[in-house]
Amino acid sequence: EDTDIIQLDFGPDACLVAVTGESGSGKSLLVSKAIDLVTGGKALSSLVPSLPSGEGILEDENSSYVELTVNLYEPHLSSISTNLQRFGIDPSILFNEQPNNHIGRLHLKRTLGSSNSGRLKSVCRINGKHTSLKTLRQISAPLFTCVDVGAASAALGRPASRLSMLDRGVPDSLLRNCARSRDAYKEARKRTEKLRLDLESRVLPSSLQASVGNNADIDEEQVKLLEHWVDELDSFETRLTRFQESVLAQYDELLSDGPNTRNGSGKTGIAKILQKLRNTTWEGMQRIESEDDSLLTNLLDFREEMKVMETQLVSAHSAYESLASLTAPHSALVALENTRKLLYGISSDDGGPLFETIEKTHELLNGVEASLNDCARSIDGGSDSLISTLENMAFVGISIEEVDGIIADWNALARKHGISAYSLPNCHMSIREELDGNVEALKFLPEAEEDQRIAREDYSYACQELADARMDVSSELSKSVSTILPSLGLEGSIFQVQLSVRPGGLENPYYGPESTGVDIADFKLFHQKNVNRNSKNAEGNEYGGNIETVGSSGEKSRVLLAIETALPGSIGSTCNSFSNSAESMPIQSDSNTPPISIIYDEIDAHVGGRAAVTMAKLLADQSRTNQSGNIERPGNGGQIIAITHSASLAAIADRHIVVERGLNSGSTSLPVRTYVVDGSSRRKEIARMASGDLASGEAETFADALIRDALLRKEMPTS
């Protein structure tokens with residue numbers, strides 16, 4: 001047997017399966033986490049070995065994989081067949097190994113690997129057919145529900161999760177209708193808000209805002225004034241456009257050569273400003289959200305850059321004068337000539353050591369003069385000199401006075417209309433629309449507001465229908481759970497579901513994504529000081545509050561199981577990550593189809609004594625009934641898998657699997673062994689669960705009594 005492969009067989013007909021073992025043996029990992037992985041759940045890199053760098057996932061004997069095989073009966077068989085067709089998979093693959101068309105077989109496999117970078121990769125297959133991880137998740141995840149007691153208890157504190165529990169008892173048609181109405185209302189609100197925003201963003205001259213702002217008719221004199229303003233702004237726009245074209249044509253060579261910067265960093269310079277100037281237009285300013293991206297800002301930046309280039313040109317001429325001018329008294333070339341004159345006056349000898357030293361100095365000065373001339377030519381001595389380059393950039397037929405004139409006229413037009421200079425293009429568009437009678441927001445806003453009103457009424461009506469259905473479910477759930485609680489050791493305790501309405505109510509219904517409808521559900525747990533339920537003074541004789549606040553861990557676990565018993569699938573709807581995702585929204589009326597299997601991960605934690613026995617009996621009752629109608633199942637109902645440390649639950653189970661971790665002499669790892677116990681081996685395991693290593697003989701006698709009593713309890717009618 002390959003010790004690297006761990007297998008668990010939950011049995012073809014077993015109803016309630018108990019999975020037991022010492023703490024830390026890996027029960028949760030092998031059952032709930034493995035099922036979560038094989039149905040498309042999130043994988044952690046710590047669960048899989050690393051692959052060599054650059055390798056993909058190899059589906060061979062060295063791979064890490066999880067696989068699961070289940071038999072499908074109705075209604076799951078039809079549901080899975082339909083989902084397979086939705087994803088382009090032939091449903092006949094369910095019957096390849098089954099001669100009986102009334103029974104299908106679903107085989108899921110997910111191979112996992114992690115590269116050295118830590119990124120996980122998956123290869124997924126359904127009955128041997130390669131699928132994506134998303135497809136695997138959408139098809140298989142609804143079939144299994146893993147109930148982790150910690151996650152389920154935390155869900156009691158989330159309003160959306162509490163509503164999700166209640167909605168398991170609400171007809172799907174109401175939920176879908178309310179969701180559709182909510183989406184329609186949301187879209188209608190978005191359209192209305194957009195039109196209002198467009199209307200508010202209109203910029204009109206201050207003299208016209210009072211009249212046209214109220215959607216009043218404008219007289220003939222105002223029409224002529226609008227025509228004049230439009231012509232004036234049209235003319236300015238044309239002038240500005242021609243100026244832009246002229247500038248870009250003059251600097252076309254610079255733009256084609258790429259960015260030209262002053263500091264070499266590529267973040268400043270005339271080329272970058274010209275690029276922005278080319279990408280902004282007068283019409284484009286009507287839609288910008290930031291003044292930094294406007295045409296006016298780019299014009300101002302262009303003007304500043306022109307001034308900078310003029311300053312650079314002056315500096316370049318000054319540098320030339322300082323270096324090579326013969327008229328500037330302090331230039332380097334004049335200083336060189338003065339040095340020569342001084343050397344000539346030192347000695348008139350034609351030979352000797354002094355003469356040779358002076359001649360050597362003159363030769364060095366000649367080299368300095370040649371270098372100075374080279375530097376001077378680099379500054380101003382040809383088409384590629386510094387001054388020529390600056391002159392080509394600065395003097396291209398565009399003067400700073402022309403730019404100043406455009407900016408001045410721009411500001412003058414803005415002052416004339418009493419608006420910001422940055423708003424002038426928007427004002428131009430608004431005046432033109434006003435003159436043409438083509439203000440779209442004014443034309444369509446009344447229609448949009450009426451559509452929103454109708455959508456709100458439809459959504460409010462759907463919310464009311466949903467609220468009524470939730471109220472009925474809340475009332476029944478409160479009664480059912482309160483009836484179960486005494487058998488779970490909570491005598492005198494009352495469970496209540498209280499529904500309230502979100503702020504805004506039906507007049508302004510909530511349309512966010514968190515939940516559907518306007519309801520807020522609170523789960524209350526009250527304990528009566530006087531356990532006599534027939535007492536006339538029961539009112540005021542109880543204490544408690546929201547269960548997430550006042551309930552202990554044990555009380556929450558018991559209430560959760562009672563809720564699941566009274567409203568099957570409710571707890572799973574909060575624990576199964578798939579069931580709350582948008583992509584799992586049912587398209588048919590089959591969302592209340594129970595899962596094939598519910599995995600309870602230590603649901604009986606923090607519970608002992610008589611309450612633990614009752615919880616075990618409730619789980620057994622769940623497994624023996626079809627959740628859609630309390631019909632005894634001959635093998636085609638749901639299967640309950642309970643990871644537990646409770647001897648009572650293990651005794652009442654139909655199948656008992658033990659997970660054991662121990663050192664294997666042939667391996668350096670700590671392999672996990674799983675096996676089914678029955679007869680004496682089961683009695684010993686239940687004895688270990690009840691007493692550990694203490695009083696083993698008496699513990700086995702006790703375990704035998706537990707098994708006998710559990711058998712009698714299972715034969716009792718399902719409550």
Side-chain angles (χ1 to χ4, degrees), residues 191-249 274 276-303 398-449:
R191 184 183 178 218
T192 302
E193 290 170 0
K194 180 181 182 303
L195 291 172
R196 285 175 179 163
L197 183 61
D198 291 344
L199 198 59
E200 293 172 0
S201 65
R202 287 197 309 160
V203 180
L204 291 171
S206 56
S207 59
L208 279 182
Q209 289 176 0
S211 57
V212 301
N214 296 323
N215 199 20
D217 294 333
I218 56 178
D219 55 32
E220 184 177 350
E221 183 178 349
Q222 288 176 321
V223 169
K224 291 181 179 180
L225 185 60
L226 288 175
E227 290 175 344
H228 168 69
W229 285 344
V230 168
D231 291 341
E232 185 178 48
L233 290 172
D234 283 346
S235 176
F236 182 73
E237 180 185 5
T238 301
R239 174 187 169 195
L240 184 60
T241 302
R242 289 174 179 172
F243 171 77
Q244 281 184 269
E245 293 172 351
S246 175
V247 170
L248 296 174
L274 289 171
K276 294 176 67 176
L277 192 63
R278 179 165 61 184
N279 295 334
T280 52
T281 63
W282 175 268
E283 183 179 354
M285 278 191 68
Q286 299 165 1
R287 295 181 294 272
I288 65 169
E289 298 180 358
S290 172
E291 293 181 355
D292 294 338
D293 300 325
S294 69
L295 177 58
L296 180 57
T297 297
N298 291 331
L299 278 177
L300 293 171
D301 290 343
F302 177 66
R303 177 182 179 278
I398 306 296
S399 67
I400 195 169
E401 289 78 11
E402 185 178 0
V403 180
D404 286 339
I406 289 178
I407 294 174
D409 290 344
W410 191 317
N411 289 323
L413 286 169
R415 287 193 300 270
K416 174 180 178 179
H417 295 297
I419 59 174
S420 164
Y422 292 97
S423 301
L424 189 62
N426 205 339
C427 178
H428 185 197
M429 179 184 68
S430 299
I431 295 174
R432 183 184 289 123
E433 289 178 345
E434 194 69 39
L435 184 63
D436 296 340
N438 190 31
V439 183
E440 182 176 337
L442 286 176
K443 288 197 304 182
F444 297 116
L445 183 58
E447 177 186 344
E449 289 176 337

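Remember, predicted model here, so these are calculated numbers, not experimental data. We use all heavy atoms of the structure for the numbers below, so side chains are in, but hydrogens, waters and symmetry mates are not.
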Applying side-chain contact (heavy atoms from CB on, under 4.5 Å), run through H428 and L424 and close with a yes or a no.
CA-CA 6 Å; H428 185 197; L424 189 62; 5.9 Å; no

Given the rule in the side-chain contact (heavy atoms from CB on, under 4.5 Å) test, do L299 and L240 qualify, once you have shown the distances and angles that lead to the verdict?
CA-CA 10 Å; L299 278 177; L240 184 60; 3.7 Å; yes

Would you sort out whether K276 and T297 count as a side-chain contact (heavy atoms from CB on, under 4.5 Å), showing the intermediate values?
CA-CA 10 Å; K276 294 176 67 176; T297 297; 5.9 Å; no

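Using a distance-only test at 3.5 Å, with no hydrogens or angles considered, no donor-acceptor pair links the side chain of T280 to the main chain of S294. Proximity of a side-chain donor or acceptor of S246 to a complementary backbone N or O of R242 within less than 3.5 Å is not detected. Between the side chain of Q244 and the backbone N or O of L277 there is at least one donor-acceptor pair closer than 3.5 Å.
Proximity of T241 to E245: side-chain heavy atoms (C-beta onward) are separated by under 4.5 Å at one or more points. Residues E449 and L195 form no side-chain contact, since every pair of their non-hydrogen atoms from C-beta on lies 4.5 Å or further apart. L197 places none of its side-chain heavy atoms less than 4.5 Å from the side chain of E193. Side-chain contact between W410 and P425 is present, with heavy atoms from C-beta onward closer than 4.5 Å.
Interatomic distance, CG of L445 versus CZ of R191, reported as 9.0 Å (0.5 Å rounding). A distance of 10.5 Å separates CG in L295 from OH in Y422, rounded to the nearest 0.5 Å. Here OG of S430 is found 11.0 Å from CG of L226. Values are rounded to the nearest 0.5 Å. Rounding to the nearest 0.5 Å gives a distance of 14.5 Å between CG of D234 and CZ of R239. Taken to the nearest 0.5 Å, the SG atom of C427 stands 6.5 Å off from the CG atom of L233.
When every heavy atom of F302 is checked against every heavy atom of L274, the shortest pair comes out as CE1-CD2, 3.8 Å. Residues A421 and N411 share a closest heavy-atom pair of CB-OD1, 3.5 Å.
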Below 3.5 Å, can you tabulate the donor-acceptor pairs from side chains in residues 398-407 to any protein atom, sequence neighbours excluded?
unit_1, atom_1, unit_2, atom_2, d
S399, OG, E402, N, 3.2
D404, OD1, R303, NE, 2.2
D404, OD1, R303, NH2, 3.4

